[in-house]
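A short worksheet on the structure shown next.
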Amino acid sequence: MVSLCLKVYEQRIQLIAESICRVVASTSTPYPQMSNLITLFMRWLCLLSAIYNAKHIAHGSTMGESTRFYDFKVQTKRDTKLCNSKDIVTINGMFPGPVIYAQEDDRVIVKVTNKTPSNVTIHWHGVRQRLSCWYDGPSLITQCPIQSGQSFTYNFSVVQQKGTFFWHAHVSWLRGTVHGAMIVYPKAGVPYPFKFPDEEHIIILGEYWLQDLQQIEKATLASGGPPPKADAYTINGHPGPNYNCSTNDVYQIDVIPGKTYLLRLINAGLNTENFFTIANHNLTIVEADAEYTKPFTTDSVMIGPGQTLSVLISANQPVGKYSMAVAPYESGKIVIYQNVSAIAGFNYIGAPSDSLSLPAKLPKLDDEVAVKTVMDGLRSLNQVNVFKEIDKHLFITIGLNVQKCHSKTPKQNCQGMHNGVLAASMNNISFVNPNISILEAYYKKIKGTYTEDFPDTPPKFYDFVNGAPNTIPYDTQSLNGTRIKVLKYGSRVQLILQDTGIVNTENHPMHFHGHSFYVVGYGKGNYNPITAQFNLVDPPYMNTIGVPTGGWAAIRFVADNPGVWFLHCHIDIHKSWGLGMVFIVNNGQGELESLPHPPPDLPQC
């Protein structure tokens with residue numbers, strides 16, 4: 001009874017906090033002084049409630065595994081930014097959305113009710129969904145979307161996982177506004193393996209467009225050409241003073257000299273990888289993709305869409321105002337990027353209110369060395385036992401393609417290079433979404449939804465990086481299909497991901513659902529098994545790996561989670577063009593190695 005009361009109390013505090021935050025955003029009175037006082041007081045209550053909720057879980061006030069209940073309403077909200085107003089799709093009217101808090105091994109139950117005209121699903125990014133594939137969330141991979149007026153309840157446990165995760169929509173480009181943090185603390189009494197911070201802050205990087213995101217995706221695919229660049233980058237939904245009408249639309253953290261701060265960085269952006277830095281402050285990475293790492297100190301980090309990093313910051317500089325900056329990592333030479341940086345404040349308490357913020361120094365926007373330096377520094381906290389015997393070898397090329405134009409209106413529909421249509425592929429196959437979810441088709445043995453013939457290698461080998469054909473008369477085209485690769489339960493898999501230069505070499509953040517993997521190697525150029533150097537001692541354990549520009553990455557994982565799992569580039573336009581594929585992991589022995597029955601409220605297509 002006491003446990004139930006605690007759960008209800010936690011839920012009520014969370015709901016109160018969210019309600020207050022929503023009211024703060026819309027509160028106004030005809031009396032400016034009273035408005036300021038009311039807003040300040042409500043912000044204080046909002047902050048107090050959120051801090052209580054986070055610390056209540058972080059300090060282990062519950063015993064053993066608990067169940068966390070959340071209620072997500074998918075609804076539109078009128079949003080004003082960059083001198084314009086538009087309707088955006090949100091969760092509970094919040095942008096970014098509400099934070100989910102839990103402890104390791106907790107069960108999380110989230111009822112999602114769709115009150116918008118758009119289809120929606122929610123993916124719990126980084127959660128391995130052990131024996132809960134039905135709740136993973138990618139549309140038409142593990143479920144049909146939640147249609148307007150419908151509900152679906154996600155029910156999963158964060159088994160042996162802790163750290164910084166996030167959740168986001170996995171339909172079309174809705175992730176641009178439908179996203180939020182998910183923080184899973186260690187079990188009660190289990191400390192961090194680093195200095196306990198005085199405060200924690202969530203930093204969500206994003207991109208903002210003035211146009212409707214689903215319309216942008218639709219128009220881009222219809223044009224055959226590239227998408228428009230973002231109108232702004234954002235930090236926790238705020239673009240900062242470099243953009244029009246945004247002088248006061250700035251996120252800031254107030255810090256105390258001598259204190260240590262943990263920043264939980266999440267890149268929820270759609271199409272751009274980003275550099276992040278703080279003026280005159282070092283960042284010490286202690287966690288990547290919700291796995292602890294050996295501490296590594298740097299002055300900047302590059303974080304791709306789908307990646308999370310937790311960094312410690314010491315407030316050890318003279319009292320003043322310091323800028324946090326977000327800028328693009330321009331790895332694609334022919335890609336048009338938004339070059340205006342998003343700015344936030346890292347302000348010491350006691351700094352004069354009229355003082356200027358010290359600008360942050362960012363790396364060169366195409367600085368591959370800065371990216372590699374941080375990747376080189378990512379090592380698992382402890383020595384790990386990476387398997388050496390491999391059951392399944394896979395070599396998969398990733399990159400862009402150009403399809404021949406077959407449209408009767410080529411000026412409107414064939415705006416890719418050489419008057420073709422841009423596409424993307426893995427082993428030269430562009431993934432096509434089926435009409436029903438692959439998981440449902442697999443479970444019910446429905447024929448005709450997919451084929452089990454995804455190849456282990458590309459159709460031919462050549463100089464993938466430097467000698468790739470790149471004009472229409474040659475091999476720029478890919479095949480279309482819903483092809484999957486079946487893995488035997490318990491298979492030890494090595495996968496080489498090779499970037500190609502058919503259209504444009506660039507860094508691809510590849511995300512794997514349902515599993516984490518050891519990044520045992522990476523390098524520039526074409527993968528060579530004779531010269532490639534692997535780390536089998538303390539490689540980082542990740543769920544999203546940035547395959548280097550014009551290079552390769554080697555990952556190893558055990559296929560020990562039965563179900564259907566998406567592997568795709570987390571740059572959304574690449575995913576829309578077909579840069580993805582699906583693994584099916586067959587059942588093992590007994591219930592603990594088998595896909596459970598589908599939930600009764602699973603949405604129907």
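Just so it is clear, the structure is predicted and the values come from calculations on it, not from any experiment. Residue numbers run from 1 in the order of the sequence given.
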Measuring from [X]:[atom1] to [Y]:[atom2], what's the distance to the nearest 0.5 Å?
X	Y	atom1	atom2	value
Met324	Leu265	CE	CG	9.5 Å
Ile502	Leu400	CD1	CG	8.5 Å
Ile571	Ser576	CD1	OG	11.5 Å
Asn267	Asn274	CG	CG	5.0 Å
Tyr518	Met542	OH	CE	13.0 Å
Asp538	Arg379	CG	CZ	5.0 Å

field: Test side-chain contact (heavy atoms from CB on, under 4.5 Å) applied to Leu262 and Val286, step by step
entry: CA-CA 9 Å; Leu262 180 68; Val286 293; 4.1 Å; yes
#### Entry: Lys/Arg-Asp/Glu bridge criterion (N-O < 4.0 Å) met for Lys259, Glu199
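No, no charged N to carboxylate O under 4.0 Å.
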If you define the side chain from C-beta out and look only at heavy atoms, does anything of [X] sit under 4.5 Å from [Y]?
X	Y	value
Pro191	Phe196	no
Phe275	Val371	yes
Arg68	Tyr70	yes
Glu273	Met302	yes
Leu567	Phe517	no
Lys575	Asp572	yes
Ile313	Leu283	yes
Asn543	Phe512	no

Exercise for the section: Decide yes or no on side-chain hydrogen bond (donor to acceptor under 3.5 Å, both in side chains) for Tyr522 and Asp376, but give the supporting numbers first. Expected result: CA-CA 10 Å; Tyr522 49 89; Asp376 288 347; 2.6 Å; yes
In this structure, are over 12 heavy atoms from other groups packed under 6.0 Å from [X] atom [atom1]?
X	atom1	value
Asn528	CG	yes
Ile334	CD1	yes
Lys361	NZ	no
Lys364	NZ	no

Between [X] and [Y], what is the shortest heavy-atom contact and its length?
X	Y	value
Asp231	Tyr243	O-CE2, 3.5 Å
Pro138	His123	CD-ND1, 4.4 Å
Ala290	Thr308	N-OG1, 3.7 Å
Cys245	Leu82	CB-C, 4.2 Å
Arg175	Pro305	NH1-CB, 4.3 Å
Gly332	Asn504	CA-ND2, 3.4 Å

Counting only N and O atoms by type, is there a donor-acceptor contact under 3.5 Å from the side chain of [X] to the main-chain atoms of [Y]?
X	Y	result
His125	Gly306	yes
Lys321	Ser353	yes
Asn561	Gln129	yes
Asp499	Val465	no
Tyr348	Gln317	yes
Tyr233	Gln338	yes
Tyr251	Thr234	no
Lys294	Ser380	yes
Glu330	Tyr337	no
Glu207	Thr272	yes

Judged by modelled atom types alone, do [X] and [Y] share a side-chain donor-acceptor pair under 3.5 Å?
X	Y	value
Asp136	Thr142	no
Thr500	Thr397	no
His568	His574	no
Ser516	Arg128	yes
Gln103	Asp105	no
Thr260	Lys195	yes

Which residues share a side-chain contact (heavy atoms from CB on, under 4.5 Å) with Ser139, sequence neighbours left out
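Expected list: Thr121, Pro145, Val171.
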Quiz prompt | Option passing side chain to side chain contact (heavy atoms under 4.5 Å, CB included) with Ile266 (candidates Ile204, Leu309, Ile303) | solution =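 Of the listed options, the one satisfying the test is Ile204.
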Apply side-chain contact (heavy atoms from CB on, under 4.5 Å) to Trp124 and Val108, showing your working. CA-CA 10 Å; Trp124 315 94; Val108 177; 5.7 Å; no
For Phe166 and His168, I'd like to know if the aromatic rings sit close, meaning centre-to-centre distance below 6.0 Å. yes
*For the residue pair Phe72 and Trp167, is the inter-centroid distance of their aromatic rings smaller than 6.0 Å?*
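They qualify: ring centres under 6.0 Å apart.
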Could you tell me how the ring of [X] sits relative to the ring of [Y]: parallel (under 30°), tilted (30 to 60°) or perpendicular (over 60°)?
X	Y	result
Tyr527	Phe534	parallel
Tyr192	Tyr185	tilted
Phe95	Tyr208	tilted

Candidate pair Glu104 and Gln160, rule side-chain contact (heavy atoms from CB on, under 4.5 Å), full reasoning = CA-CA 6 Å; Glu104 181 180 1; Gln160 297 180 354; 4.1 Å; yes
### Task
Begin from the C-alpha positions of Met375 and Val519 and carry the test side-chain contact (heavy atoms from CB on, under 4.5 Å) through to its verdict.
CA-CA 10 Å; Met375 191 61 211; Val519 183; 4.0 Å; yes
